[in-house]
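Remarks on the structure that follows.
Computed from a prediction, not measured in an experiment: that's the story for all the values here. In what follows, chains are A, B, ... by sequence order, proteins preceding strands, each numbered from 1.
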Amino acid sequence: MATCGPQPERKNIPDYEYIDVNTKPFHIGAFRDLWLERLKPSDYSYKEEDEEAFEAEFANEFGLNAETVNDIKSICSFDALRCHPVDRDTTVVPPDSSLRTLRQRKRRQDYKANLKINTNRHELYAEELERLTVGRKPAGEENRIPEGEVIITINIYYPTIFERFKYVRPHATLLMTGSHTLANLRDAICCVSDLQVCGEFSNTPDIAPDFISKDHYKSSFFFLEGVFYNDMRFPECQAISSTTIEWAKSHNFPSYQQAKMEDTKFVDLTIKVGFPYLYCHQGDCEHLVIITDVRLSHKSDCQDKKLYPLLTHKHRVTTRRCTVCHIYIGRWLTTNDHFAPCDPCLFCDKCFRMLHYDKHGNKLGDFLAYPYVDPGAFN
Amino acid sequence: MAHCRQLITDDCEDLLARFQKTESVRFEVFAKIWREMKFSEMFYGSTEVLKGKTFSQQILTTAYRYFLPPYTFQIRVGGLYLLYGLYSSQLARPKVQIQVALKDWEEVKKFEKDAAQAQHFDATYILRKLFSQHAFYFAAMPRHLSKCQKKRNEKESVCEEFMERASRPQELVNNELLEELSNVHEHYERYRLSKTLVHPDLVPQIHQIVTDFTNWQFLVVSSTQPDHQGGVVSSLILLFSPQSSQRAELLAAIKSRSYGQAVEASKSRRHRQVEVHSQVPQRAPRKPSLKSRTDTILFKNVPRKKREFKW
Ligand SMILES: [Zn+2]
Ligand SMILES: [Zn+2]
């Protein structure tokens, strides 16, 4: 092994920097090529392999006759592992198992049954997400994710704006392909601070949606491996990382580089898997971004390009509902409002308008109204 | 979660320890233990989609480790069968794939080659079958990494009982080397002038060092295993004694033992369990040491009186 000499591709074979935490940096495109070099196209093909062809090839390769292969096949069949008849109920934990994992599962289920907890909403939601995308085939061949494409799994963490987020780390999980750019990722990140509307709109409630922050403060950046990737797609975008770069320069820190988000594809990136990176938008809304996995696409993946970036997990935040109807999510916050039972008070759009305006949309009475975006608005 | 992972590990290691005791690499033998332990039930009652998926992921990641070095060939075959069994009996739909890391690929291919060369067609077939079923994700790492999942003090330990004992020193200083050295030395002695080029005791010294190492290694093991005494030193001394052809056979025998013994299986009975060692006395579970394996081979073939050191 010592005689093999220098192996430049070695550095693109991901290995741990810290065991079970993160890898050393590697180039995603080079990583993909290393896999493709090592595999046969049939290994990562989306096509189901024909069983007979498989056996014929096996016989051929090892010079075995059909009878021998048949013997091997029956010996190695999954039936040899069957513990019960096929129709056995698999939803119940067997009561008398010698497996430790099962004994513990049984205890936990009995405990839960006592508490009468139903399947929680996170679970149901996850099932919903899954059902929509599994094995989805695209409408046209041009929209199919090509075989051998890389799939990147990314966790985006919510900013720690709530006290309770110190203990749980709510996040969304997205699947991206190697041909996506960082700008595609930026557009896929839903954050309430992008939807925030600043100002008092009691006189002109209809124009409030025109003032969404996302449309006003378009600048944002990712910070990965010493490079700031700025969103420069719109004329009003600023490289908001410049301030940081200048500051670092003036304080004798190692210099940072800048690049454009929209020009940077994932295949061109050198990253560490498991390492926390930064996404910053709206000036100071900061999210941790962790690439948790990079792999070749698989036939069970959603193959419709159009559905990517694909959301596979989303933390559900409890929503605040309208004080009047208790049904809809709050959209308006009022103060100095003599119609309201409390101050400030939260209304859904319907109740807010019914209570505060006449048929012709004229404001009734004196109050201040601020658009409110619930953190759970994306659930 | 961490606790759950430990229980999964314990269950898998129980199964593999029972497989290890059989000293077989046959799938039939593995399947029998699997059925006795009702290992398919592992997935029962884990009905919720998300939990079922997470559990499949966890147990496949756990089993994957036994399929790789530093574990012995036999344990790795067991690890492969375990992956096959778990992958096939999981209840998650679509099935959760086994995540194989690029850095491990070379070992997987080497394993495939070794198994095929030793004509372990059941292991080869099952590995190929998993490939053709697209049971693998070709990934960067064997599992997803997100710092938030890492708990303090949570470290994956390696199961020592499943490992090959270090044998590099013994391999490095083999008989040929010793013979060669002693030849060179003789030549030199014959022609030497006034000074000695090689220390006259070099060969015995190297031999002594390796013997010492073996002694030490044995002592380390026997301190945790009081029921084993003596034997190994003499068997290793025997290895170094110049009964060349016999020694070569013994060495070959020992090497093939580490490959799960079934290399010896003839083609016609390769699917049946090879019962070469039915006369091995029942040992304490989980510790079929090099000593006991060596003993069985050596003392079966060699008359006892030859067991002295004759350098
Ligand atoms: Zn944000
Ligand atoms: Zn309402």
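Taking the salt bridge (charged side-chain N to carboxylate O under 4.0 Å, His left out) definition, one finds that A:Glu57 meets it with nothing, sequence neighbours left out.
Each of A:Ile291, A:Asp89, A:Val294 has some count of heavy-atom pairs under 4.5 Å with chain B, and the biggest count is that of A:Val294. With chain A as partner, the option from B:Lys38, B:Met42, B:Glu106 having the largest number of non-hydrogen pairs under 4.5 angstrom is B:Met42. Most heavy-atom pairs under 4.5 Å with chain A: of the set B:Trp34, B:Phe131, B:Tyr125, B:Phe136, this distinction falls to B:Tyr125. Comparing A:Ser97, A:Pro276, A:Gly274, A:Pro14 by how many heavy-atom pairs each has under 4.5 Å with chain B, the most go to A:Pro14. Of the listed residues (A:Ile28, A:Ile151, A:Leu39), the greatest number of heavy-atom pairs within a distance under 4.5 Å of chain B belongs to A:Leu39. Per-residue heavy-atom pair counts under 4.5 Å with chain B were compared for A:Phe275, A:Tyr44, A:Phe54, and the maximum is reached by A:Phe54. Among B:Tyr81, B:Phe27, B:Phe39, the residue making the largest number of heavy-atom pairs under 4.5 Å with chain A is B:Phe27. Comparing B:Lys32, B:Gln133, B:Gln99, B:Glu36 by heavy-atom pairs within less than 4.5 Å of chain A, the highest count is held by B:Gln99. Ranked by non-hydrogen atom pairs under 4.5 Å with chain A, the options B:Lys129, B:Glu41, B:Lys103 are led by B:Glu41.
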* To do: Go through the steps for B:Gln97 and A:Ser300 under the test side chain to side chain contact (heavy atoms under 4.5 Å, CB included), then give the verdict.
  => CA-CA 9 Å; B:Gln97 322 309 328; A:Ser300 68; 3.5 Å; yes
* To do: Could you please spell out the steps behind the side chain to side chain contact (heavy atoms under 4.5 Å, CB included) verdict for B:Tyr44 and A:Val92?
  => CA-CA 6 Å; B:Tyr44 287 18; A:Val92 186; over 6 Å; no
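For A:Val93 against B:Gly45, the heavy-atom pair with the smallest separation is CG2-CA, 3.8 Å. Of all heavy-atom pairs spanning A:Ser45 and B:His134, the tightest one is O-CE1, 3.2 Å. For A:Phe78 against B:Gly85, the heavy-atom pair with the smallest separation is CE1-O, 4.3 Å. Closest of all the heavy-atom pairs between B:Ala31 and A:Ala80 is CB-O, 3.6 Å. Across all their heavy atoms, A:Asp301 and B:Tyr137 have their closest contact at OD1-OH, 4.3 Å.
If you measure heavy-atom distances from A:Lys73 to chain B, the contacts under 4.5 Å come from both the backbone and the side chain. Heavy atoms of A:Ser74 lying under 4.5 Å from chain B are absent altogether. Contacts between A:Phe26 and chain B at a heavy-atom distance below 4.5 Å involve the side chain alone, from C-beta outward. For A:Phe58, the part lying under 4.5 angstrom from a heavy atom of chain B is the side chain only. With a threshold of 4.5 angstrom between heavy atoms, B:Leu91 approaches chain A through side-chain atoms but not through N, CA, C or O. Heavy atoms of A:Arg32 lying under 4.5 Å from chain B are absent altogether. Contact of A:Asp50 with chain B is not made at all, since no heavy-atom distance falls under 4.5 Å. Heavy atoms of A:Lys272 lying under 4.5 Å from chain B are absent altogether. Within the 4.5 angstrom heavy-atom criterion, only backbone atoms of A:Ser42 (N, CA, C, O) approach chain B. Looking at A:Phe31, the atoms closer than 4.5 Å to chain B (heavy atoms on both sides) sit in the backbone and in the side chain alike. The part of B:Ala101 that comes within reach of chain A is its backbone (N, CA, C, O), which places non-hydrogen atoms under 4.5 angstrom from that chain.
Cation-pi geometry between A:Arg295 and B:Phe138 is not met: the NZ or CZ atom fails to fall both under 6.0 Å from the ring centre and inside 45° of the normal. Both tests hold for A:Arg105 against B:Phe55: distance to the six-membered ring centre under 6.0 Å, angle to the ring axis within 45°.
Considering CD of A:Gln104 and SG of B:Cys4, their distance stands at 5.5 Å, rounded to 0.5 Å. Here the straight-line distance linking atom CG of A:Leu102 with atom CG of B:Leu7 works out to 10.0 Å at 0.5 Å rounding. Expressed to the nearest 0.5 Å, how far CG of B:Leu145 lies from CD1 of A:Ile290 amounts to 9.5 Å. To the nearest 0.5 Å, the span separating CD1 on A:Ile72 from CZ on B:Arg128 amounts to 11.5 Å. The CG atom of A:Leu81 sits 10.0 Å away from atom CG of B:Leu82, with the distance rounded to the nearest 0.5 Å. Note that CG of A:Leu288 and OG of B:Ser146 are 11.0 Å apart. Values are rounded to the nearest 0.5 Å.
For B:Tyr84 (side chain) and A:Cys76 (main-chain N/O), a donor-acceptor pair under 3.5 Å exists by modelled atom type. A donor-acceptor contact shorter than 3.5 Å is absent between the side chain of A:Arg100 and the backbone of B:Ile8. A donor-acceptor contact shorter than 3.5 Å is absent between the side chain of B:Asp11 and the backbone of A:Leu99.
Around atom NZ of B:Lys113, no more than 12 heavy atoms belonging to other residues, nucleotides or ligands sit under 6.0 Å away. Applying the 6.0 Å contact sphere to CD of B:Glu160 captures no more than 12 heavy atoms from other residues, nucleotides or ligands. Other residues, nucleotides and ligands contribute at most 12 non-hydrogen atoms within 6.0 Å of the OH atom of A:Tyr18.
Electrostatic pairing of B:Arg143 and A:Asp293 does not count as a salt bridge here, judged by no charged N lying under 4.0 Å from a carboxylate O.
Residues A:Phe62 and B:Thr124 are in side-chain contact: their nearest non-hydrogen atoms beyond the backbone lie under 4.5 Å apart.
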